[in-house]
Amino acid sequence: MVRKVKDTGLIQDEPLIFEQGRKGRKGYSLPRWDVEKVEAKDILSSSLLREDLDSFPQLSEVDVVRHFTRLSQWNYGVDSGFYPLGSCTMKYNPKINEEMARMEGFSNIHPYTPEPLAQGILKLMYDLGVYLAEITGMDQVSLQPAAGAHGELTGLLMIKKCLEDRGERRTKVLVPDTAHGTNCSTSTIASLQMIEIKSNEKGVIPPEQVALKMDEKVAAIMVTNPNTLGLFEEYLSEISEIVHQKGGFVYCDGANLNALMGVVKLGDLGVDVVHINLHKTFSTPHGGGGPGSGPVAIKKELSPYLPIPVIEKDVNTYRLNENRPKSIGKVRAFYGNFGVLIKAYSYLLTMGPEGLKRVSEMAVLNANYLMRRLKGYYHLPYDRSCMHECVFTDHFQEKYHVSTLDIAKRLIDYGYHPPTIYFPLVVKGALMIEPTETESKESLDRFIETMITIAREAEENPDLLRQAPSRVKVRRLDEVLAARRPKLKWTGDR
Amino acid sequence: MVRKVKDTGLIQDEPLIFEQGRKGRKGYSLPRWDVEKVEAKDILSSSLLREDLDSFPQLSEVDVVRHFTRLSQWNYGVDSGFYPLGSCTMKYNPKINEEMARMEGFSNIHPYTPEPLAQGILKLMYDLGVYLAEITGMDQVSLQPAAGAHGELTGLLMIKKCLEDRGERRTKVLVPDTAHGTNCSTSTIASLQMIEIKSNEKGVIPPEQVALKMDEKVAAIMVTNPNTLGLFEEYLSEISEIVHQKGGFVYCDGANLNALMGVVKLGDLGVDVVHINLHKTFSTPHGGGGPGSGPVAIKKELSPYLPIPVIEKDVNTYRLNENRPKSIGKVRAFYGNFGVLIKAYSYLLTMGPEGLKRVSEMAVLNANYLMRRLKGYYHLPYDRSCMHECVFTDHFQEKYHVSTLDIAKRLIDYGYHPPTIYFPLVVKGALMIEPTETESKESLDRFIETMITIAREAEENPDLLRQAPSRVKVRRLDEVLAARRPKLKWTGDR
Amino acid sequence: MEYFCRFIPHTEEDIQEMLKAIGVERLEDLFEVISENYRLSNPLNLPGPISEPELIGHLRSLQSPLYTCFLGGGAYHHFIPSVIPHLVARSEFYTTYTPYQPEISQGTLQAIFEYQTLMCQLTGMEVSNASMYDGASSLAEAVLMAYRITKKKKVLLSEAVHPEYRKVIQTYIDPYQQQIIMIPYEKEGGRTDREILFDRLNGDVSAVVVQSPNFFGIIEDLPKIVEKVHLTGSLLIVGFSEAIAYGILAPPGSLGADIVAGEGQSLGIPLSYGGPYLGIFSTRERFVRNMPGRLVGETIDLEGRRGFVLTLATREQHIRRERATSNICTNEGLCALMATIFLSCLGKEGLKELAQMNLSKAEYAKKVVSQIRGCKLNFNAPTFNEFVLEVERDPERILDKLREEKILGGLSLRRFYPELSRHLLITVTEMNKREEIDRWAEILAKSLA
Amino acid sequence: MEYFCRFIPHTEEDIQEMLKAIGVERLEDLFEVISENYRLSNPLNLPGPISEPELIGHLRSLQSPLYTCFLGGGAYHHFIPSVIPHLVARSEFYTTYTPYQPEISQGTLQAIFEYQTLMCQLTGMEVSNASMYDGASSLAEAVLMAYRITKKKKVLLSEAVHPEYRKVIQTYIDPYQQQIIMIPYEKEGGRTDREILFDRLNGDVSAVVVQSPNFFGIIEDLPKIVEKVHLTGSLLIVGFSEAIAYGILAPPGSLGADIVAGEGQSLGIPLSYGGPYLGIFSTRERFVRNMPGRLVGETIDLEGRRGFVLTLATREQHIRRERATSNICTNEGLCALMATIFLSCLGKEGLKELAQMNLSKAEYAKKVVSQIRGCKLNFNAPTFNEFVLEVERDPERILDKLREEKILGGLSLRRFYPELSRHLLITVTEMNKREEIDRWAEILAKSLA
Ligand SMILES: Cc1ncc(COP(=O)(O)O)c(C=O)c1O
Ligand SMILES: Cc1ncc(COP(=O)(O)O)c(C=O)c1O
């Protein structure tokens with residue numbers, strides 16, 4: 001079958017790995033057989049044996065390489081261009097950090113390596129914890145959570161455990177309406193009932209609302225700061241006081257820490273627990289959906305409840321302490337996404353204190369610059385100075401029957417990754433733009449002009465937007481069909 | 001300036017590196033200053049100092065990464081798909097070999113490292129030489145030439161030197177009309193007059209022609225085997241005899257060795273010198289135009305003339321011998337493209353003798369299969385069994401005013417790299433197709449069907465071909481303009 | 001001197017122009033909303049900045065030495081084909097976010113779709129998600145899911161499940177006040193004790209959790225368990241930590257498991273001192289709406305061409321918020337890609353042969369130790385690539401001796417099973433050459449003599 | 001068992017189908033044209049095949065140890081930013097051929113165009129080619145080119161040019177019977193002896209070849225040479241082996257050189273025991289048609305968009321055959337790309353600062369050794385990042401001592417200059433930390449005491 005002319009010299013069609021290959025091929029060479037071959041059937045009853053692996057791919061190495069090379073060519077990454085996906089902090093991922101994580105003395109080390117042989121690794125983790133505590137103004141850090149949401153769960157469980165130790169059984173958690181979905185679902189997973197707090201017309205949590213909802217059944221409030229509107233929660237210290245007075249804890253979602261480093265410490269605002277997304281603020285790559293790392297930083301009071309093991313330092317020796325009777329237990333096997341931690345640690349040393357502050361300043365500068373320049377063209381629901389990101393809407397474009405989705409897809413035609421759309425939920429038709437500090441002014445200027453062009457197109461030729469994207473591998477995809485008739489794996493029919 | 005909508009989500013426009021950036025940026029971090037800064041002007045007169053570096057780029061690391069990432073996305077490589085560029089043996093480049101060459105104990109080793117500390121490196125080179133001698137049926141090998149043409153020069157200089165030693169001053173070299181351009185130009189660089197030998201209607205060199213032209217002024221004949229028509233020079237041993245009888249040497253261009261490994265040894269056919277393109281037969285990548293490596297293998301008689309140094313083995317110690325008074329001297333600094341040699345060595349060990357023979361068999365099988373299947377659709381000037389490649393022409397398409405160039409460009413639209421075109425010169429409108437052994441039958445079948453489709457398009461809609469390519473980053477480029485008004489560097493105007 | 005960092009492009013001039021456009025004077029003005037009281041006046045107390053070459057030097061000095069390795073227990077030393085690091089180092093893969101915008105994420109999406117298919121094939125199940133954090137948390141989420149489905153209060157958990165996984169399950173179910181009942185292993189065979197299991201099994205049990213191969217490397221006799229479990233309306237959850245075993249073992253799905261959840265590190269993912277790894281999670285189609293994690297589904301575009309999208313997001317936190325099936329958002333995408341490439345390279349033949357080689361090497365090691373005085377195999381049931389060895393001396397001393405010879409000779413089980421205080425878990429993979437096994441055995445013999 | 005290799009996709013079935021389509025029975029039939037007498041009946045006598053993990057083990061064992069390095073002399077230990085290996089590892093760069101088909105090679109072509117521009121800027125010349133094999137052969141081709149242009153028979157060659165480069169020039173010009181006249185260096189200063197040079201200079205001289213910084217690390221006084229050279233109608237060819245020097249030195253082009261040809265390894269290319277490196281070649285616009293090597297030029301496509309193509313190919317072997325300006329075909333494309341990325345990262349500021357740091361480190365080392373008894377600086381002219389040290393003991397013994405401390409302490413010059421039999425060439429770059437220099441000096445002092 002000749003491929004459809006949709007293929008071009010550079011972007012090619014490519015069937016599924018299962019639709020290729022031929023019986024008998026493989027793309028792997030096994031080490032030499034230097035022991036006698038044992039047949040599984042000689043030691044196991046046939047009911048325990050696999051009958052066949054027939055549906056597995058059968059390809060030579062070159063086919064595998066071409067397959068995944070082509071697939072990659074359908075993707076757009078930070079290295080391809082501007083990726084202003086709000087709330088995701090898609091900053092540049094330094095190449096050197098990838099090299100560091102690949103060093104054999106890290107990548108090839110077994111987690112049960114005896115501690116005396118892993119002192120450098122333990123030191124790296126210990127020090128990283130100390131540095132993150134300094135940045136957030138907290139007392140101690142666990143590096144174990146594998147992502148932000150995992151950090152949230154770890155944090156809430158620690159709070160619950162601490163409350164239980166105090167003999168309290170609190171069942172609720174306050175969460176603002178601007179919160180990320182993980183905050184809500186984590187509450188549920190932690191078996192806490194979520195009580196929503198409405199943000200005010202300025203986009204932030206009004207302390208009065210908190211005072212109103214706060215009671216002895218509330219274990220904690222979960223605040224994101226800066227919040228998902230890109231706004232600094234300016235009443236956080238008041239809120240903390242209110243919550244603390246009623247015996248609750250302040251959990252901070254620190255996914256947006258990129259705005260605050262070296263500027264303010266969350267711990268100083270009364271925060272008791274905060275998780276940090278290393279895969280956002282600390283430049284570790286997102287990998288198309290992980291791996292990430294979501295350390296939690298805590299105040300002293302919560303220390304006994306940290307997940308085990310805790311890395312401890314005795315003079316110059318580091319060890320993994322599992323013997324912490326009040327701990328919430330384990331949240332994962334082993335000690336954390338060490339491969340990711342190496343990258344964050346490398347980033348931190350490369351930047352230094354001055355550099356991290358610069359990161360936050362430039363992230364905020366970039367976001368405000370974008371916001372000011374786009375203001376006349378797109379509706380800005382909260383017209384005030386922002387932090388690391390800004391949120392527009394499609395309100396001005398509604399009259400042309402053009403939606404946020406259309407604007408986003410049209411950006412693809414111009415060679416951009418779209419912003420986050422339709423989030424936060426409190427903003428109808430939200431377009432959430434986070435430029436990050438690694439974009440240059442020219443890069444922002446080009447994006448701004450493109451956005452202005454699109455605003456003009458919406459007026460003059462709205463179909464261009466509704467039909468977008470028109471120049472990538474596939475055009476707009478039918479998501480409804482996908483959900484209505486889920487096809488979640490290859491089944492041999494096409 | 002908003003980029004033109006030519007940009008798409010995946011293939012983007014990208015200005016020159018000089019057209020970007022801003023004063024003061026850099027994408028590099030220097031090690032800490034730990035010694036006193038010395039100002040050049042304090043030790044040098046101002047006439048020796050650089051005034052400025054103003055025209056140099058000024059970019060942050062992310063800009064550099066994006067620039068070259070985008071550039072790469074305009075290219076088509078072997079990992080992108082089928083690349084049947086005749087005479088170039090565009091086989092798969094194993095990834096492991098790249099890793100091997102990057103090992104620090106190779107890549108970070110200075111060429112003047114004392115021999116006792118470089119025994120492994122010297123052993124690798126020595127053994128590679130031995131293996132290449134075995135494959136070609138020769139006695140000794142120099143790994144120094146940086147590419148095929150460099151090997152040719154090295155070979156001819158050795159022949160000349162040997163003749164001089166015999167007291168002869170021969171001034172001519174026989175070269176068939178099918179030869180690659182480097183054979184001709186190397187003759188000139190070696191100050192030998194080229195005498196052309198016409199190939200016969202079967203596409204090979206007729207011994208009678210050689211007998212006719214061979215005399216005491218002829219230093220050597222340069223034969224390519226298989227030749228550039230993809231045909232085995234079946235009279236090579238007779239030809240060798242003729243040349244030897246008149247005191248000349250037989251130089252073989254071994255760039256097409258991919259057809260012969262484990263099947264026949266060139267040395268057995270009377271060849272005195274042969275160069276091998278490691279960047280073809282031995283799978284080292286072409287790098288968009290090098291680096292390559294073109295070892296020369298020789299018969300014993302020529303050994304004294306090898307370029308220095310020669311790697312020698314005493315029991316288990318390896319050394320670089322510079323003390324060879326009859327040597328032609330040095331052809332480059334240091335010892336060869338060692339980084340490339342590592343890859344060829346790794347390939348050789350991975351394949352083993354059985355594997356190399358299989359390579360040649362499958363390369364020849366693939367070429368014959370393609371040839372047979374395309375035969376009715378394109379004119380096949382030499383209709384006989386071929387070796388590693390086959391040559392068609394545009395003769396059938398001429399009547400539709402469609403040329404080889406049009407066919408080549410149309411292949412691009414279908415996601416293929418075109419074959420070599422208009423070479424060899426003896427075939428008018430040549431399309432020279434070399435599939436290599438790493439292509440699967442399905443891959444060939446798809447290509448064949450595409451070629452058949454194009455033959456049909458030539459008939460039914462020739463403009464499709466004449467306008468091609470239409471789907472890549474740029475359309476057909478004006479090469480005449482480029483040559484008439486050469487613009488060979490950026491000058492600030494656009 | 002002007003501050004400069006290679007990752008931040010802003011020059012002083014840029015900053016001034018941008019501030020002007022914004023309409024403020026100084027950078028600090030942008031932070032006015034933060035009360036002066038809290039704004040930091042001193043730089044953070046952190047090291048750095050250091051240059052790239054210095055960073056390399058520093059990190060080099062922190063590396064661990066590379067020893068011959070007989071450690072396993074949930075993390076395995078397998079060969080990683082060079083094409084994997086080569087391909088995942090393509091920035092189009094690793095510098096992208098979760099594929100929310102399908103039109104420019106088809107590469108990631110198709111790869112996940114392939115991953116889901118491969119995981120279904122590997123585990124013998126009907127649907128797989130796009131990955132979980134790791135084997136332990138995946139298994140814990142399986143327990144939560146079983147609870148959502150059955151609403152029953154008890155979980156029967158085999159003691160032969162990886163001890164760390166068990167701890168994680170405990171942590172996850174703690175808020176639900178579910179009750180965990182431990183099912184011991186047979187002292188002779190090393191399998192989960194079926195008699196006790198069946199004894200505890202009743203209508204209150206949401207799920208039975210076993211692992212195969214279990215923590216002792218032993219292959220559980222799933223066919224003998226599954227029927228009884230289903231009789232009480234409970235779900236059978238099968239965990240695993242060594243995915244390569246399924247190259248020869250019947251996939252749990254084909255034996256009737258309801259959820260299969262485990263660790264995919266063996267599939268081409270580096271050891272990296274414990275992470276990032278790959279949580280595999282697969283189940284029956286009928287449970288799909290209760291499943292945690294992302295899913296990729298096939299669909300078509302405007303012109304009818306095949307394409308892939310994230311789907312069934314109504315289970316997920318970003319749509320369903322507090323009613324989501326899980327809070328997972330970022331998962332282990334790149335590790336799932338590694339596993340996909342790994343299985344594509346190995347294919348049918350390779351996976352089978354690799355599994356057989358692991359089995360054979362471990363059997364060889366067993367044979368060798370069986371000739372050593374002072375130690376013996378502790379369990380008699382068949383194993384895959386690891387086994388428990390009982391030694392007559394202090395196992396820590398023996399391990400120290402081996403370490404002196406640059407061998408990590410096994411895992412002492414005392415920390416996990418007090419009753420196995422003289423026992424070592426020995427893991428042998430295709431990476432252990434016969435000479436290495438012989439050498440290990442030799443030192444072992446010496447230290448027992 | 002069926003033969004199988006992971007790089008060759010053919011199954012037995014494939015082969016049979018293909019043979020059938022071709023119309024032959026067996027694979028051997030395809031080779032019928034080769035006389036039976038010559039066809040091999042036995043397998044080649046070669047090792048292998050070995051698997052990927054075994055290959056890694058084997059090559060690991062062949063590596064050299066990493067010592068502190070004070071070696072230079074044409075190959076320099078500089079830092080290579082990690083973005084370079086990352087970017088050149090993109091298969092779209094390294095698995096492509098020479099860009100004969102411009103429409104799907106714009107990436108390579110634009111990069112070479114940028115490279116040509118950078119080389120013009122670095123050397124101060126008007127045109128640069130796309131690269132030559134290495135510095136030595138580039139310089140040799142420059143001599144051939146001068147001969148083509150001037151048709152004169154003599155070449156004046158400074159003895160302070162890299163000795164290996166001089167040997168290569170000798171090899172290249174041998175067929176032309178051009179005469180090389182060596183111009184010695186000043187015994188005090190270490191520069192090319194201008195008096196002797198001017199003395200030998202006359203109308204028969206096609207080119208004067210000097211190197212700056214020269215092999216002794218010394219900066220030649222080009223302004224004082226150039227005018228005289230041009231007076232006789234000869235061309236001035238300036239070679240170099242340390243491109244970083246041009247971060248602070250006036251580019252030879254701005255001083256009047258006609259051809260600048262040298263080595264680009266310092267620009268981000270690994271040492272790799274001597275290759276592959278990068279031959280840089282630039283000249284005046286008026287000589288472009290006599291220039292060897294490939295050239296990329298700017299043009300437009302059908303729709304008027306800017307694009308790049310190989311151009312002026314009428315100088316080249318594939319068009320001009322025996323009348324080409326050179327036989328070069330495959331050059332060092334990927335190394336040229338590395339240099340382009342390197343210079344893009346460093347930029348104006350970085351290159352200057354890097355050059356200054358090299359200068360400063362070498363000056364520091366000079367200062368330190370000036371306090372050591374038993375050795376002295378041999379030349380008094382200014383140097384860049386290397387210098388010649390005269391020692392009172394056998395230099396080989398001193399180097400051995402340093403080697404015992406894992407230091408490659410310098411290059412003994414005896415092999416190149418018999419008269420410099422107690423002399424070491426010492427190279428210091430940004431990679432040599434102050435402590436390393438101090439340590440080197442300490443051992444040096446001890447071994448001289
Ligand atoms: C504000 C906020 N909180 C929490 C999360 C969840 O983090 P993760 O995806 O690492 O679990 C995200 C990321 O999507 C986020 O933006
Ligand atoms: C037949 C033949 N001979 C010689 C050469 C020249 O080899 P290289 O490009 O390595 O100098 C080539 C490659 O283009 C070739 O195909």
Side-chain angles (χ1 to χ4, degrees), chain A residues 26-28 34-35 38 40 43 47 53 56 58 64 68 71-72 74-79 105 107 109-112 120 146-147 149 181 184-186 188 191 194 232 285-292 329-330 333-334 337-339 349 352-353 368-369 440-441 474-475 477-478 482 487 489-490, chain C residues 9 14 18 33 43-44 46 48-49 62-64 71 87 90-92 94-98 104 106-108 117 133 136 164 167 171 175 248 270 272-276 297-299 301-302 307 311 317-318 321-322 324 327 329-334 344-348 350 360 363-364 382 434:
Chain A
K26 67 176 190 240
Y28 183 82
D34 58 3
V35 300
V38 176
I43 64 164
S47 66
L53 287 155
F56 273 74
Q58 302 196 61
V64 174
F68 291 99
L71 259 53
S72 77
W74 307 338
N75 274 356
Y76 184 103
V78 170
D79 287 3
S107 66
I109 301 305
H110 194 282
Y112 289 141
C184 314
S185 54
T186 302
T188 306
S191 214
M194 194 190 101
F232 187 79
H286 285 86
K330 276 193 173 296
F334 312 120
N337 280 351
F338 176 63
L349 289 187
N368 277 287
Y369 179 71
S440 65
K441 176 169 179 295
V474 289
R475 299 199 42 203
L477 288 157
D478 190 340
K487 181 158 185 207
K489 64 167 195 259
W490 173 78
Chain C
D14 289 332
M18 292 168 81
V33 64
L44 294 169
L46 295 173
L62 298 178
Q63 291 185 97
S64 287
L71 293 174
L87 288 165
R90 287 188 62 82
S91 61
E92 293 92 332
Y94 81 87
T95 73
T96 58
Y97 203 77
T98 302
I104 41 172
Q106 283 298 300
T108 296
T117 307
Y133 300 137
E164 300 209 24
K167 286 216 172 114
T171 305
I248 48 178
S272 284
Y273 201 65
E298 186 179 315
T299 187
D301 79 352
L302 265 182
T311 193
Q317 47 74 24
H318 67 286
R321 297 177 76 83
E322 70 275 19
N327 68 337
C329 178
T330 293
N331 48 46
E332 308 295 298
L334 205 68
S344 299
C345 282
L346 266 80
K348 175 183 160 163
S360 303
E363 291 298 317
Y364 174 77
R434 182 193 187 129

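The figures here come from the full heavy-atom set of this structure, side chains too, leaving out hydrogens, waters and symmetry mates. Computed from a predicted structure; not experimentally measured. Naming convention: chains lettered A, B, ... in sequence-line order (proteins, then strands); numbering from 1 in each chain.
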Problem set entry | C:Tyr97, part contacting chain A, at a heavy-atom distance under 4.5 Å | both
Exercise. Looking at C:Thr108, C:Thr95, C:Val33, C:Leu334, which has the largest count of heavy-atom pairs under 4.5 Å with chain A?
Worked result: C:Thr95
Exercise. NZ of A:Lys487 to CD of C:Glu298: how many Å apart, nearest 0.5 Å?
Worked result: 4.0 Å
Seminar exercise, completed: Ranked by heavy-atom pairs below 4.5 Å to chain C, first place among A:Ile109, A:Val78, A:Asn368 goes to A:Ile109
Problem set entry | Greatest number of heavy atom pairs closer than 4.5 Å to chain C - which of A:Cys184, A:Ala149, A:Gly329 | A:Cys184
Problem set entry | Stepwise side chain to side chain contact (heavy atoms under 4.5 Å, CB included) check, C:Ser344 with A:Phe56 | CA-CA 8 Å; C:Ser344 299; A:Phe56 273 74; over 6 Å; no
Exercise. Can you name the closest pair of heavy atoms from A:Lys26 and C:Leu346 and give their distance?
Worked result: CB-O, 3.7 Å
Seminar exercise, completed: Interface check, chain A: of C:Ser360, C:Gly347, C:Gly307, most non-hydrogen pairs under 4.5 Å belong to C:Ser360
Seminar exercise, completed: Max heavy-atom pairs within cutoff under 4.5 Å with chain A, candidates C:Gly350, C:Pro175, C:Ser91, goes to C:Pro175
For this session: Go through the steps to decide whether C:Arg321 and A:Thr188 satisfy the test side chain to side chain contact (heavy atoms under 4.5 Å, CB included), and finish with yes or no.
Result: CA-CA 9 Å; C:Arg321 297 177 76 83; A:Thr188 306; over 6 Å; no
For this session: Identify the two heavy atoms, one from A:Phe334 and one from C:Glu164, that lie closest to each other, and give their separation to 0.1 Å.
Result: N-OE1, 2.8 Å
For this session: Look up atom CZ in A:Phe338 and atom OG in C:Ser272, then write down how far apart they are to the nearest 0.5 Å.
Result: 7.5 Å
For this session: Mind ranking C:Pro270, C:Ala136, C:Gly107, C:Cys329 by heavy-atom pairs under 4.5 Å with chain A and telling me who comes out on top?
Result: C:Gly107
Exercise. If you measure from CG on A:Asn75 to OH on C:Tyr94, what distance do you get to the nearest 0.5 Å?
Worked result: 13.5 Å
Problem set entry | Contact check, side chains of A:His286 and C:Thr98, non-hydrogen atoms, under 4.5 Å | no
Exercise. If you count heavy-atom pairs under 4.5 Å with chain C, which of A:Pro291, A:Gly77, A:Ser191, A:Pro285 comes out on top?
Worked result: A:Pro291
Problem set entry | Over all atoms of both residues, closest heavy-atom pair of C:Thr96 and A:Tyr76 | CG2-O, 3.0 Å
Exercise. Do you know the tightest heavy-atom contact between A:Gly105 and C:Gln63?
Worked result: N-OE1, 2.8 Å
Exercise. Under a 4.5 Å heavy-atom cutoff, which of A:Trp490, A:Tyr112, A:Tyr369 has the most pairs with chain C?
Worked result: A:Tyr112
Exercise. Between C:Arg434 and A:Asp34, is there a donor-acceptor pair closer than 3.5 Å when you use the side chain of the first and the backbone of the second?
Worked result: yes
Exercise. Should C:Glu363 and A:Ile43 count as side-chain neighbours, where that means a heavy-atom distance under 4.5 Å?
Worked result: yes
Exercise. Can you tell me if C:Asp301 uses its side chain to pair, donor with acceptor, with the backbone of A:Leu477 under 3.5 Å?
Worked result: no
For this session: For residues A:Val474 and C:Gln106, report the shortest heavy-atom separation together with the two atoms involved.
Result: CG2-CG, 3.6 Å
Seminar exercise, completed: Sequence neighbours excluded, the answer for side chain to side chain donor-acceptor pair (under 3.5 Å) partners of A:Ser47 is A:Ser45
Problem set entry | Greatest number of heavy atom pairs closer than 4.5 Å to chain C - which of A:Ala333, A:Ala146, A:Gly292, A:Ser440 | A:Ala333
For this session: For each of C:Leu71, C:Thr311, C:Asp14, tally heavy-atom pairs with chain A at distances under 4.5 Å, and name the one with the top tally.
Result: C:Leu71
Exercise. Would you say the side chains of C:Asn327 and A:Thr186 form a donor-acceptor pair under 3.5 Å?
Worked result: yes
Exercise. Who wins among A:Gly339, A:Ala40, A:Ala147, A:Gly287 for the most heavy-atom pairs under 4.5 Å with chain C?
Worked result: A:Gly287
Exercise. Which one, C:Pro43, C:Gly48, C:Gly297, C:Gly275, leads in non-hydrogen pairs under 4.5 Å with chain A?
Worked result: C:Gly275
Exercise. With no hydrogens and no angle check, is any side-chain donor or acceptor of C:Thr330 less than 3.5 Å from a backbone partner on A:Gly290?
Worked result: no
Exercise. Would A:Asp478 and C:Thr299 count as having a side-chain donor-acceptor pair, cut-off 3.5 Å?
Worked result: no
Exercise. Non-hydrogen atoms of chain A under 4.5 Å away: do they reach the side chain of C:Leu87, the backbone, both or neither?
Worked result: side chain
Exercise. At their closest point, which heavy atom of C:Gln317 faces which heavy atom of A:Ser185, and how far apart are they?
Worked result: CB-OG, 3.0 Å
